[in-house]
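Notes for the one structure printed next.
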Amino acid sequence: MYRTHTCGDLRKSDAGRQVVLSGWVQRSRDFGGMTFVDLRDRYGITQLVFNMETDPGLCEKARKLGREFVIRASGRVTERSSKNPRILTGDIEILVEDMEVLNASRVPPFTIEENTDGGDDLRMKYRYLDIRRPPVKDHLILRHRMAQEVRKYLDGQGFIEIETPVLIKSTPEGARDFVVPSRMNRGEFYALPQSPQTFKQLLMVAGMDKYFQIVKCFRDEDLRADRQPEFTQIDCEMSFVEREDVLNTFEGLAGHLFQAILGIQVPAPFPRLSYQETMEKYGTDKPDLRFGMEIHDLSVVARGKGFQVIDGAEYSGGICAPGAAGYSRKLLDELTEFVKRPQIGGRGLIWVKFETDGNIRSSVDKFYTAEDLRKWGECCGARSGDLLLVMSGETQATRYALGELRLEMGDRLSLRDKNRFIPLWVVDFPLLEWDEETGRFYAMHHPFTSPRLEDIDLFESDPAKVRANAYDLVINGVEIGGGSIRIHDERLQKTMFKNLGFSEEAAREQFGFLMQAFRYGAPPHGGIAFGFDRWVALFGGSESIRDFIAFPKNTAGRDVMINTPAPLPGEQLKELGIRVIK
Ligand code: ASP
């Protein structure tokens with residue numbers, strides 16, 4: 001028998017028991033007469049004691065144990081004289097009577113403890129060692145628990161988990177496809193799903209009514225902290241639903257997860273904000289509503305005083321940072337540098353301080369009187385002690401930059417509490433997005449998204465104004481999921497493809513199977529997909545989804561542990577009929 005208990009099981013009430021434990025040696029400490037070994041497994045750490053007086057041979061053996069050796073030890077549980085309140089087994093230790101090395105270990109390349117000296121690359125290369133560390137292990141356990149709760153909730157709502165194929169053809173989610181060459185069909189390729197979108201819609205045509213799947217999706221795009229080439233979605237679809245039916249169902253899922261995992265009750269219904277409104281107020285379609293500091297339009301009130309930066313700009317707007325009027329020159333310079341970063345794109349920053357003594361000071365005193373600036377303040381709801389930050393330029397770009405500055409100020413003023421969660425729905429996205437470079441419209445969500453039916457006439461006159469019946473779930477500034485009511489009518493689907501610049505042939509070639517299915521009684525349907533990795537990361541208090549994936553890829557898309565992607569042997573390429581151009 002390898003064990004009677006795990007390394008996390010034993011408590012004071014077990015004192016006197018005869019037990020067997022197996023696990024890894026985290027560290028051993030030698031005090032001459034006694035040797036202490038911390039034995040670790042997934043469940044915890046238990047202290048083993050070897051006594052020189054009672055069994056010198058065994059104690060000698062214990063002294064030779066290296067870090068990460070795998071051992072089995074048997075002995076008696078006793079209450080410790082000096083307790084360790086930091087671990088659950090801290091009240092007891094095992095007086096070892098027998099011990100056996102099950103497997104030796106090389107010296108690990110970094111310390112395998114709560115904190116480690118291992119750098120990112122090294123830990124990725126030896127990910128299986130990194131996973132032994134409690135913080136990484138706990139992330140995987142959190143992920144597991146969330147997956148179980150998702151299944152529990154959706155099953156309870158009558159959803160059925162159905163697997164869809166991985167070797168398919170292109171799905172239009174806006175990224176590049178990963179492709180797989182077919183040996184049996186030379187010169188032909190499968191694409192890996194960017195999502196199971198078309199399949200879940202086919203399952204609705206098939207009458208499955210409520211579908212879900214926790215599923216791997218693949219998108220070949222540039223990577224960031226919250227992106228991986230393969231990632232997991234909670235993918236869902238329902239029949240005979242309108243938007244509110246979908247939102248209510250998945251508010252239920254979110255509420256269930258908050259309650260089951262974090263023990264938090266979030267009030268429902270979640271706020272619903274239109275795309276237009278969130279862009280105006282927060283400069284982004286994924287606003288963080290944990291704090292105010294909304295963007296206010298100053299274009300009209302600030303114009304006409306001879307200040308070219310504002311007079312010549314399409315738009316001017318400001319955010320009001322509460323209690324920050326005391327910001328020093330240095331801090332203001334830092335903020336100016338911040339907005340000038342290429343990824344923010346600001347040209348400069350105007351500041352106005354509403355000081356507590358009633359004075360108003362600003363970087364634009366030359367052009368504006370105190371009375372002028374007071375009007376700005378009124379516009380933005382500034383109070384005594386506040387700092388108003390103003391930017392000008394092209395409308396969208398300036399709102400975006402102000403939105404980023406808002407988040408920066410939110411961080412600086414500690415307004416983004418990790419333990420508070422404010423979910424909301426963003427609705428009424430534009431259906432189409434114009435791309436200057438290619439001179440055509442793209443679907444903002446994907447081509448199967450239904451327009452708001454009252455906007456259909458706009459297809460002819462002003463396609464950019466057509467609103468989509470689409471929605472995103474946003475929590476604390478993170479886009480957790482998105483979906484839409486779908487087009488279920490062949491004619492409307494054709495209009496959509498036409499507006500997206502697909503020729504009839506191209507549409508038939510790529511999505512003929514779906515159009516065909518729509519001819520056989522497609523029910524009205526809609527759905528949503530959640531970024532599972534992101535959701536777990538959010539609940540785990542981190543921005544990096546990599547920390548919540550057992551074997552992630554690095555920012556270059558490599559798995560440095562198994563060393564892939566890798567070249568293929570010539571033989572294999574030949575079989576596939578592929579020649580590589582260097
Ligand atoms: N397939 C969509 C996506 O991956 C989600 C949906 O519309 O259900 O973003």
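When a ligand or atom number is given, it counts from 1 through the structure's own listing order. The structure displayed is predicted, hence computed values, not measured ones.
- Residues in residues 249-258 take part in these salt bridge (Lys or Arg N to Asp or Glu O under 4.0 Å) pairs, two or more places apart or across chains: E251-R272.
- Scored by the salt bridge (Lys or Arg N to Asp or Glu O under 4.0 Å) test, K216 finds E230 as partners (sequence neighbours excluded).
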Are there any protein N or O atoms under 3.5 Å from the N or O atoms of ligand 1? List them with distances, or say none.
unit_1	atom_1	unit_2	atom_2	d
ligand 1	1 (N)	E173	OE2	2.7
ligand 1	1 (N)	S195	OG	3.3
ligand 1	1 (N)	Q197	OE1	2.7
ligand 1	4 (O)	R219	NH2	3.0
ligand 1	4 (O)	Q233	NE2	2.9
ligand 1	7 (O)	Q197	OE1	3.3
ligand 1	7 (O)	H445	NE2	2.9
ligand 1	7 (O)	H446	NE2	2.9
ligand 1	7 (O)	R486	NH1	2.8
ligand 1	7 (O)	R486	NH2	3.3
ligand 1	8 (O)	K200	NZ	2.6
ligand 1	8 (O)	R486	NH2	2.7

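- Evaluation of the salt bridge (Lys or Arg N to Asp or Glu O under 4.0 Å) rule for R467 yields D428, E454, D455 as partners, not counting sequence neighbours.
- The shortest heavy-atom contact between P196 and C217 is CD-SG, 4.1 Å.
- Remark: E221 does not engage R176 in a salt bridge, criterion side-chain N to carboxylate O under 4.0 Å.
- Salt-bridge formation is not detected for the pair D177/K169: no Lys NZ or Arg NE/NH1/NH2 atom is positioned less than 4.0 Å from an Asp or Glu carboxylate oxygen.
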